[in-house]
Number of protein chains: 2
Amino acid sequence: MLKDSGWPSMAQRKSATNGRAVLTAGDGFARSYLAYLLARASFNVSNEFHAMLKTWRMTVPEWRVLACLTDVEGLSVGELAAMALMKQPRLTKVLDRMERDGLLKRRSTASDRRRVALHLTAKGRTRVAPVLLAARTHEADLLAQFTSTERATIKHALDLLIGRAGRSAAD
Amino acid sequence: MLKDSGWPSMAQRKSATNGRAVLTAGDGFARSYLAYLLARASFNVSNEFHAMLKTWRMTVPEWRVLACLTDVEGLSVGELAAMALMKQPRLTKVLDRMERDGLLKRRSTASDRRRVALHLTAKGRTRVAPVLLAARTHEADLLAQFTSTERATIKHALDLLIGRAGRSAAD
DNA sequence: CCATGTTGCATGAAAAGGAATATTTTTAAT
DNA sequence: ATTAAAAATATTCCTTTTCATGCAACATGG
């Protein structure tokens with residue numbers, strides 16, 4: 001099932017753990033399905049860091065919100081939901097918790113009073129700062145395993161996937 | 001923040017929606033952080049298909065379990081959890097529902113009576129069959145947007161990421 | 001064998017998430 | 001203006017997930 005849909009062949013690998021052995025065995029779904037490979041790659045990369053978040057007593061959605069708002073202040077709820085890959089009702093609840101904890105503020109917008117502009121508080125910035133550093137370090141460690149050519153390949157692949165996946169070819 | 005950790009530069013893009021415009025603006029977190037780009041790529045690729053799952057009244061974890069067990073019969077709970085990128089207690093409860101719905105069976109193992117071997121029922125196979133076809137089609141449509149060179153790049157990048165992420169260089 | 005530790009899975013209370021819908025504000029059409 | 005439609009966020013009800021822990025079966029060292 002799902003054997004070959006235009007992929008080039010992939011070299012076999014082995015691993016010590018039971019789970020890994022199964023994962024890399026055979027040639028079905030788990031070895032060739034694009035969505036699965038992407039999910040696994042994402043999982044592998046994010047997982048270690050997510051474990052580190054416990055050190056800071058920070059949840060994953062909290063981290064995402066803080067990181068996004070560090071990037072772009074004043075996002076609306078909808079914009080942040082899109083950026084943080086969450087659906088809006090979920091984000092609203094995450095924001096409730098974070099606002100209650102004093103990490104951010106909701107400000108109503110003058111021009112469109114339906115919109116809510118989100119701003120980190122000083123407390124929020126203080127909270128996210130060390131985690132951002134850890135994220136940078138973690139990423140650097142990961143990327144250091146690759147040659148610059150490999151890094152370019154990865155970046156190019158993600159560019160392709162983010163650019164074209166999930167919309168028509170004309171866009 | 002998180003500006004540059006060894007990435008090659010990425011061309012700018014624009015998009016119609018508000019969310020997208022924010023996503024692709026600037027040069028922070030959302031444009032350069034590997035974990036984020038991977039999560040977004042995975043999200044983009046999987047999302048449309050996950051929406052289709054509603055057509056079959058199938059949840060995402062149910063789909064993952066059915067797809068994995070289609071690939072490899074007789075997996076243990078732990079193996080399946082690793083393969084389906086879920087933690088074990090969650091999988092146990094997903095399995096409870098699916099077993100109750102007659103989609104699979106738990107069989108105790110003779111050699112190690114702690115282990116539980118998982119097997120699809122005929123009903124489970126019937127249920128997953130059309131979804132597997134849809135998955136193949138969806139993937140083929142997606143991959144058709146790329147040249148074979150681009151497909152090779154994507155595959156190679158995923159191979160690199162899955163091979164090396166989340167473990168030491170020596171493994 | 002027995003004690004001790006470990007592994008594999010299940011469970012239970014508490015928190016979080018999802019789908020549908022409500023509410024308020026804006027936009028558009030007449 | 002007025003009414004209808006759309007958009008942004010919040011809310012509600014119900015299901016699912018999580019975290020911690022429990023329990024049984026295996027492994028190992030004396």
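Within every chain, numbering begins at 1; the chains are lettered A, B, ... in the order of the sequence lines, protein sequences first and strands thereafter.
In the hydrophobic cluster analysis, where Ile, Leu, Val, Met, Phe, Trp and Tyr join through side-chain heavy atoms closer than 4.5 angstrom, A:Val65 is grouped apart from A:Leu85. At a threshold of 4.5 Å between side-chain heavy atoms, the hydrophobic network of Ile, Leu, Val, Met, Phe, Trp and Tyr places B:Val72 and B:Leu118 in one connected group. No path of Ile, Leu, Val, Met, Phe, Trp and Tyr side chains, each step under 4.5 Å between heavy atoms, connects A:Phe43 with A:Val45, placing them in separate hydrophobic clusters.
With axes fitted over five pairs at each extremity, the angle between the ends of the helix from C:dC1-D:dG30 to C:dT30-D:dA1 is 30° (10° resolution).
We find that CD of B:Glu62 is positioned 16 Å from C1' of D:dT17, with the value rounded to whole Å. Regarding A:Leu75, its CG atom lies at a distance of 10 Å from the P atom of D:dT9, rounded to whole Å. Separating the CZ atom of B:Arg114 from the P atom of C:dG8 is a distance of 6 Å, rounded to the nearest angstrom. Atom P of nucleotide D:dA25 and atom CG of B:Asp112 are separated by 10 Å, given to the nearest angstrom.
At least one side-chain nitrogen or oxygen of A:Arg113 sits closer than 4.0 Å to the OP1 or OP2 atom of C:dT26.
Of the two residues contacting DNA chain D, namely A:Lys54 and B:Thr59, the nearest-nucleotide position lying further toward the 5' end is that of B:Thr59.
Looking only at side-chain heavy atoms (C-beta outward), A:Leu69 and A:Arg125 stay at 4.5 Å or farther from each other.
For A:Phe49, the side-chain contact (heavy atoms from CB on, under 4.5 Å) test picks out A:Met52, A:Leu53, A:Trp63, A:Val131, A:Ala134, A:Ala135, A:His138, B:Tyr33, with sequence neighbours left out.
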| Audit row: B:His156, A:His156, side chain to side chain contact (heavy atoms under 4.5 Å, CB included) steps and yes/no | CA-CA 11 Å; B:His156 184 222; A:His156 184 223; over 6 Å; no
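Of the options B:Leu120, B:Asp71, B:Leu104, a side chain to side chain contact (heavy atoms under 4.5 Å, CB included) to B:Leu66 is made by B:Leu120 and by none of the others.
The backbone N or O of B:Leu103 lies less than 3.5 Å from a partner atom in the side chain of B:Thr121, making a donor-acceptor pair.
At a non-hydrogen distance threshold of 4.0 Å, A:Lys87, A:Pro89, A:Arg90, A:Lys93, A:Arg97 from residues 85-109 of chain A come into contact with DNA chain C.
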